[in-house]
Chemist: 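Submitted below is the structure of interest, expressed as structure tokens.
Numbers here simply count residues along the sequence, with the first being 1. Not measured: the values here are computed from a predicted model.
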Amino acid sequence: MWSGVRHFFKPRLTLKYPEQKLDLQGQGYQFDAKAGVGRPGFKGRHVLLEDKCTGCQLCAIACDGVAVAIDMQELSLKRTHNKKDIWPAVDYGRCVPRGTPVVTSEGIVPIEKVQVGDLVLTHRGRFRAVTEVFTRKYTGRMYLFKTLGNPEILSVTEGHPVMIYSGNGTKWVNPEAVQYRTYLTRPIISEVKQIPFLEYTYDLYHPAGRGGYFTVERVALEFTPELARLLGYYLAAGNTDRYRVTFDIHKEEEALASDIVRCVEGVFRGAVSFKPDKRSEGLKLSVDSVRIATFFKQFGTMCDRKELPGWAMVAPLELQAEIIRTAYWGDGHYSNKYYSYKHAMHSNFFVIRTTSRILANQYSYILSRLGILASISINHQKDRKDCYSVTIHSPYIEKMGELVNVQAENSPSSSHGYIRMTEGIIASPVVTATFEDVADEEVWNLEVQDDNSYVAANNIVHNCVFCGLCVDACPFDALVMTNEYELAAYDRTSLKYTPEMLFVPPEPTGKYKVKIDPERGTAKHG
């Protein structure tokens, strides 16, 4: 209460934008085209100098591979220096809604939890740092795309570029151009990180007299194939609490039981007890150890909350292969049957099942790194948790069979003919393309270093950047960036700045104002 009273008499730390603005000092971002040098400064609202723009389109060309935010619009001003009568227009509004899953180096998280400095997966299959996080209220059209084999639905605002695949390769397009059977893309993770040890801490209890005390113990486990195998077993059939780890398998799965015992004894030097379930055909393998239980907690304690940490997504391929192999042995199935009813059909596929949505997505990313294409389907079960099936069809049957030690052959009658793996990406066709009009919906976007893209809902989307490349590319200093804020508005239309709007410089606000230097055509601030 005292802290609240004291702050009541202090000025508020936040500003009511746009009514209030920061008193920014210094020059805005500028580029000296003759010297080829960019000058440091705040990057924000663009100003177009009408008497210098020749309509050369170099700003739009520079932006095309980065933010795809500039297009040329025809505007009849009858200027001798711009015979084409085309002028740049800037689109400031590209975002995705709350809850959109984003692939980061720490795992798959909702976009609202991404912070500056986090590493996100880009279209090049590598992780790059987030330099800015934008959020605003959006009123306008929201486009929704469901792709084949992807459990996530991509939602983007109007004008937010997405990467598509065609016979000529990949390119960026606005969502208005995406339709049924357009191929959206997601990257194959290319980074590999050597992880010699996995470090963690746990609380060790020491009894003393009538009470006791705890000490924090640090453990460094060598990341061996045996430990990777245990991770797969735990993801498929493991449970943990504070004191123990258990693996639930069928009592006839003697090979799995002996493999789990061997891995536990080799990695943790722990003892495994066998506890048959008299009410069923199950067998529980129990390891009573706070030290071991604490390690497995990081992978989730409930079946629908299990997931792999970020380091597992970039682990060496041989260790990822062990994780997938034992996850399949614990929760997988191979179907190779012929059905004669109705139409003769050959059922030939591998499947790994889980109730964790995140884990199913992670399985598909790891499998793609191993050269195996998988699709994910959802089975809604009454009074039970949703089940996600990670399925592998031909022509990847034989490769999956080699991975999990199952003899299998490809079958042309059941294949991934509509989903393609090529050029470091996976391209999947859109099966539903819809849109809806929203009002005052909270949306987010990211600015990503170097690659200017991120993976949202398992699809590659572009980010919104104020990079200054358009200013750098203009040989006539016709386009400048002030240190005004990046623009925000309550509706989509207000975020599209036409050439006429770009001609108007920002209005003075308090001590801070923008002046145009008539000699150089650059913005001055004071």
Side-chain angles (χ1 to χ4, degrees), residues 104-107 119 126-127 189-206 214-249 255-274 285-301 306-331 352 356 358-359 362-363 365-367 369-371 402-405:
T104 74
S105 62
E106 299 300 320
L119 301 177
R126 58 186 186 177
F127 291 90
I189 300 175
S190 59
E191 288 190 5
V192 178
K193 184 178 180 181
Q194 298 299 325
I195 310 172
F197 294 95
L198 301 179
E199 297 183 353
Y200 71 101
T201 60
Y202 73 99
D203 296 332
L204 180 62
Y205 177 72
H206 301 272
F214 288 91
T215 59
V216 177
E217 303 291 328
R218 180 175 294 276
V219 180
L221 290 175
E222 185 179 358
F223 196 9
T224 61
E226 289 76 16
L227 180 54
R229 292 166 74 87
L230 273 181
L231 296 186
Y233 284 129
Y234 179 79
L235 295 174
N239 295 282
T240 185
D241 55 25
R242 182 177 177 180
Y243 304 102
R244 65 188 56 84
V245 180
T246 59
F247 299 88
D248 296 301
I249 62 175
L256 266 64
S258 61
D259 193 27
I260 293 173
V261 171
R262 182 179 62 83
C263 292
V264 170
E265 292 177 346
V267 174
F268 295 101
R269 305 294 188 268
V272 181
S273 59
F274 289 70
L285 306 182
S286 180
V287 185
D288 297 315
S289 170
V290 174
R291 174 174 61 94
I292 301 176
T294 303
F295 171 77
F296 283 102
K297 277 186 179 180
Q298 63 181 305
F299 307 100
T301 58
K306 287 183 179 177
E307 62 179 285
L308 287 166
W311 49 258
M313 305 303 293
V314 294
L317 297 184
E318 59 272 17
L319 296 179
Q320 290 187 329
E322 293 290 347
I323 294 175
I324 293 295
R325 181 180 295 115
T326 51
Y328 167 81
W329 288 348
D331 238 349
I352 304 175
S356 170
I358 292 179
L359 187 58
Q362 291 178 324
Y363 281 159
Y365 278 98
I366 293 178
L367 284 166
R369 295 191 73 200
L370 299 173
E402 294 176 2
L403 177 64
V404 298
N405 300 331

Chemist: Show the nearest heavy-atom pair for residues A327 and Y363, with the distance to one decimal.
Modeler: CB-OH, 3.4 Å
Chemist: To the closest 0.5 Å, what do you measure between CD (E318) and CG (L370)?
Modeler: 10.0 Å
Chemist: Determine whether a donor-acceptor pair (N or O, by modelled atom type, separation under 3.5 Å) exists between the side chain of Q320 and the backbone of A312.
Modeler: yes
Chemist: Output the distance between atom CD1 (I324) and atom CG (L235), rounded to the nearest 0.5 Å.
Modeler: 9.0 Å
Chemist: Which atoms form the tightest heavy-atom contact between V245 and A293, and what is the distance?
Modeler: CG2-CA, 3.4 Å
Chemist: With the side chain counted from C-beta on, respond yes when F268 and L221 share a heavy-atom pair under 4.5 Å apart, and no when they do not.
Modeler: yes
Chemist: Please walk me through it: do R126 and E191 pass salt bridge (charged side-chain N to carboxylate O under 4.0 Å, His left out)?
Modeler: CA-CA 6 Å; R126 58 186 186 177; E191 288 190 5; over 6 Å; no
Chemist: Under the rule for side-chain contact (heavy atoms from CB on, under 4.5 Å), what residues qualify as partners of T294, not counting sequence neighbours?
Modeler: Y200, Y202, V290
Chemist: S356 side chain to K306 main-chain N or O, any donor-acceptor pair under 3.5 Å?
Modeler: yes
Chemist: Walk me through it: do Y328 and L403 pass the test side chain to side chain contact (heavy atoms under 4.5 Å, CB included)?
Modeler: CA-CA 10 Å; Y328 167 81; L403 177 64; over 6 Å; no
Chemist: Would you give the length of the straight line joining atom CG of L256 to atom OG1 of T326, rounded to the nearest 0.5 angstrom?
Modeler: 8.5 Å
Chemist: Between L198 and W311, is there a side-chain heavy-atom distance shorter than 4.5 Å?
Modeler: yes
Chemist: Tell me, which pairs form a side-chain hydrogen bond (donor to acceptor under 3.5 Å, both in side chains) where one or both residues lie in residues 215-225, sequence neighbours left out?
Modeler: H206-T215, T215-E217, T224-E226
Chemist: Can you measure from CG (D248) to CG (N239) and round to the nearest 0.5 angstrom?
Modeler: 5.5 Å
Chemist: How long is the span from the OG1 atom in T301 to the OH atom in Y234, to the nearest 0.5 Å?
Modeler: 6.0 Å
Chemist: Considering non-hydrogen atoms only, spot the tightest contact between G238 and F247 and give its length.
Modeler: CA-CD2, 4.2 Å
Chemist: With sequence neighbours excluded, tell me which residues meet side-chain contact (heavy atoms from CB on, under 4.5 Å) with V287.
Modeler: V264, V272, I292
Chemist: Please check if atom CZ in F274 has more than 12 non-hydrogen atoms from other residues, nucleotides or ligands closer than 6.0 Å.
Modeler: yes
Chemist: Hey, is the main chain of A228 close enough, under 3.5 Å, to the side chain of E322 for a donor-acceptor pair?
Modeler: no
Chemist: Taking the side chain as everything from C-beta on, heavy atoms only, tell me whether L308 gets closer than 4.5 Å to I366.
Modeler: yes
Chemist: Whether the side chain of T240 engages the backbone of K297 through a donor-acceptor N/O pair (distance < 3.5 Å, no angle test) should be reported.
Modeler: no
Chemist: Find out whether V216 and D203 are in side-chain contact, i.e. whether some heavy atom of one side chain is under 4.5 Å from a heavy atom of the other.
Modeler: yes
Chemist: I need the minimum non-hydrogen distance between F296 and L230, along with the two atoms involved.
Modeler: CE2-O, 4.1 Å
Chemist: Closest approach of R369 and I189, non-hydrogen atoms and distance?
Modeler: NE-O, 3.1 Å
Chemist: Taking the side chain as everything from C-beta on, heavy atoms only, tell me whether L231 gets closer than 4.5 Å to F295.
Modeler: yes
Chemist: Does R229 reach the main-chain N or O of R325 with its side chain, forming a donor-acceptor pair under 3.5 Å?
Modeler: no
Chemist: If only atom types and distance count, is the side chain of W329 paired as donor or acceptor with the main-chain N or O of Y233 below 3.5 Å?
Modeler: no
